Amino acid sequence: MHMNKPNILFIGAGRMAEAIFAGLKQSNTIGTITISNQSDQERLEQLKDTYEVETASWQEVISDHEVIILAMPPSAHPAVLTELANKVDNQFIITVAAGIGPSVLEEALPNRPTAWIMPNTAADIGESMSLFACGKHVLSEHREVLQTILDAIGESTELTEEQIHHLTAVTGSAPAFVYHLAESLEVTAKSYGLSTDVARKLVVQMIYGSASMLKDGREAGDLRDQVTTPGGATAAGLEVLENGNFSDLLHQAVLAVNAKAAEQAK
């Protein structure tokens, strides 16, 4: 199968699917994009108008596409994979669903090239930190297409399937921890008489600037030390976090995410 400008079929047309094909429409390396979903015809029409993608019932157009992206919820996968088993030829099957690694896909679709992408919410603005794992039958040509898809939504790192199960908590769930931090700091800022808008501006730019310095390649510990004079005001604040076991709390939060995800996967 040639993967030069492949046609891509999306089964599922939710937010993550939209983030991916919105990004892909800006790259000139793929062919036709077709989207399908179970029942929401209105949503398909709206996406078709916005992004100039094709819409269809996926069962009817599957043979015209080299790549199939499964963008429906994990619970919808078993039924669709069963149906796909009779319909796929040698298409590259990629899922973006939590908990559905290549081993699950290969069990349903033996000897087919498969991959698993775990993006995060920032895919919406092309700033995802996506984790991915490839199945046993993925060749270099599939990897090129996969990288194009990943690049359309941000940065990416390849891990083992098992690592992704554990680390989605850090890349996928921890944004919620950051938003919780932002929300708490905004509340505190407002308690000193600030409007919501001003409080938000203060907190958002502080987080953005801090993250930008980290992204610049500097060490978190070094940056923290630069802000902290021993025995000074910032040190007093850090001491409160330390006494409250802040680092341990974050570690526990990650473990809780993983435990719940494992339970849901069963």
Side-chain angles (χ1 to χ4, degrees), residues 1-25 27 29-37 53-54 58-59 61-85 87-120 123 126 128-161 163-165 168 171-172:
M1 170 180 296
H2 73 92
M3 281 282 172
N4 191 15
K5 289 218 170 185
N7 295 336
I8 300 180
L9 170 64
F10 285 81
I11 304 179
R15 267 189 52 219
M16 194 50 73
E18 181 177 359
I20 295 170
F21 59 69
L24 283 172
K25 285 298 281 186
S27 86
T29 51
I30 52 153
T32 306
I33 293 175
T34 305
I35 58 172
S36 64
N37 65 9
V53 290
E54 304 292 320
W58 67 265
Q59 292 90 339
V61 297
I62 193 164
S63 58
D64 304 331
H65 298 78
E66 287 79 31
V67 180
I68 300 167
I69 297 181
L70 306 178
M72 65 276 181
S75 58
H77 273 59
V80 171
L81 287 171
T82 302
E83 210 178 333
L84 273 175
K87 291 188 163 63
V88 294
D89 177 20
N90 195 28
Q91 284 96 337
F92 183 21
I93 314 289
I94 301 166
T95 183
V96 294
I100 313 272
S103 62
V104 177
L105 298 177
E106 287 176 344
E107 206 174 309
L109 308 164
N111 304 316
R112 305 291 198 288
T114 65
W116 180 27
I117 298 177
M118 277 312 303
N120 70 19
S128 177
M129 181 59 245
S130 304
L131 308 178
F132 71 97
C134 294
K136 295 195 284 276
H137 306 285
V138 168
L139 307 172
S140 59
E141 65 209 48
H142 300 117
R143 282 183 171 276
E144 278 175 38
V145 176
L146 185 61
Q147 201 57 58
T148 298
I149 293 165
L150 289 160
D151 290 348
I153 51 171
E155 303 275 337
S156 58
T157 294
E158 183 171 11
L159 299 176
T160 66
E161 186 168 341
Q163 285 173 321
I164 295 179
H165 283 297
T168 304
T171 56

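Sequential numbering from 1 along the given sequence is applied to the chain's residues. Predicted model, so just to flag it, every value in this text is computed and none were measured.
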Can you list everything that forms a side-chain hydrogen bond (donor to acceptor under 3.5 Å, both in side chains) with [X]? Sequence neighbours excluded, please.
X      : value
Lys136 : Glu106
Glu83  : Gln59
Thr157 : none

I'd like to check the side chain to side chain contact (heavy atoms under 4.5 Å, CB included) partners of [X]; sequence neighbours left out, ordered by chain and number.
X      : value
Pro78  : none
His165 : Trp116, Glu161
Ala85  : Leu109
Val53  : Phe21, Lys25, Ile33, Ile35, Tyr51

What are the two closest heavy atoms between [X] and [Y], and how far apart are they?
X      : Y      : answer
Asn90  : Pro113 : OD1-CD, 3.6 Å
Ile153 : Ala19  : CG2-O, 3.7 Å
Ser128 : Pro119 : OG-CA, 3.5 Å

Could you tabulate the donor-acceptor pairs under 3.5 Å formed by side-chain atoms of residues 6-17, not counting sequence neighbours?
{"from": "Asn7", "atom 1": "OD1", "to": "Thr32", "atom 2": "N", "distance (Å)": "2.8"}
{"from": "Asn7", "atom 1": "ND2", "to": "Asp64", "atom 2": "O", "distance (Å)": "3.0"}
{"from": "Arg15", "atom 1": "NE", "to": "Asp124", "atom 2": "OD2", "distance (Å)": "3.4"}
{"from": "Arg15", "atom 1": "NH2", "to": "Thr121", "atom 2": "OG1", "distance (Å)": "3.4"}
{"from": "Arg15", "atom 1": "NH2", "to": "Asp124", "atom 2": "OD2", "distance (Å)": "2.9"}

Taking atom CE of Met118 and atom CD1 of Ile164, what is their separation to the nearest 0.5 Å? 8.5 Å
Any chance you could measure Gln91, atom CD, to Ser63, atom OG, to the nearest 0.5 Å? 7.5 Å
Residues Ile117, Ile69; criterion side-chain contact (heavy atoms from CB on, under 4.5 Å); working and verdict: CA-CA 10 Å; Ile117 298 177; Ile69 297 181; over 6 Å; no
Got a list of side-chain donor-acceptor pairs under 3.5 Å for residues 144-152, not counting sequence neighbours?
{"from": "Gln147", "atom 1": "NE2", "to": "Asp151", "atom 2": "OD1", "distance (Å)": "3.0"}
{"from": "Gln147", "atom 1": "NE2", "to": "Ser156", "atom 2": "OG", "distance (Å)": "3.2"}
{"from": "Thr148", "atom 1": "OG1", "to": "Glu144", "atom 2": "O", "distance (Å)": "3.1"}

Can you check side-chain contact (heavy atoms from CB on, under 4.5 Å) on Glu141 and Phe92, steps first, answer last? CA-CA 10 Å; Glu141 65 209 48; Phe92 183 21; over 6 Å; no
By salt bridge (Lys or Arg N to Asp or Glu O under 4.0 Å), Glu54 pairs with (sequence neighbours left out) none
Tell me, please, which residues at least two apart from Arg112 pass salt bridge (Lys or Arg N to Asp or Glu O under 4.0 Å). none
Hey, is the main chain of Ile93 close enough, under 3.5 Å, to the side chain of Thr114 for a donor-acceptor pair? no
Does any pair with a residue in residues 93-102 pass side-chain hydrogen bond (donor to acceptor under 3.5 Å, both in side chains), and if so which ones, sequence neighbours excluded? His77-Thr95
Does atom CD of Gln163 have more than 12 heavy-atom neighbours from other groups under 6.0 Å away? yes
Could you check if a side-chain atom of Trp58 sits within less than 4.5 angstrom of a side-chain atom of His65, using non-hydrogen atoms only? no
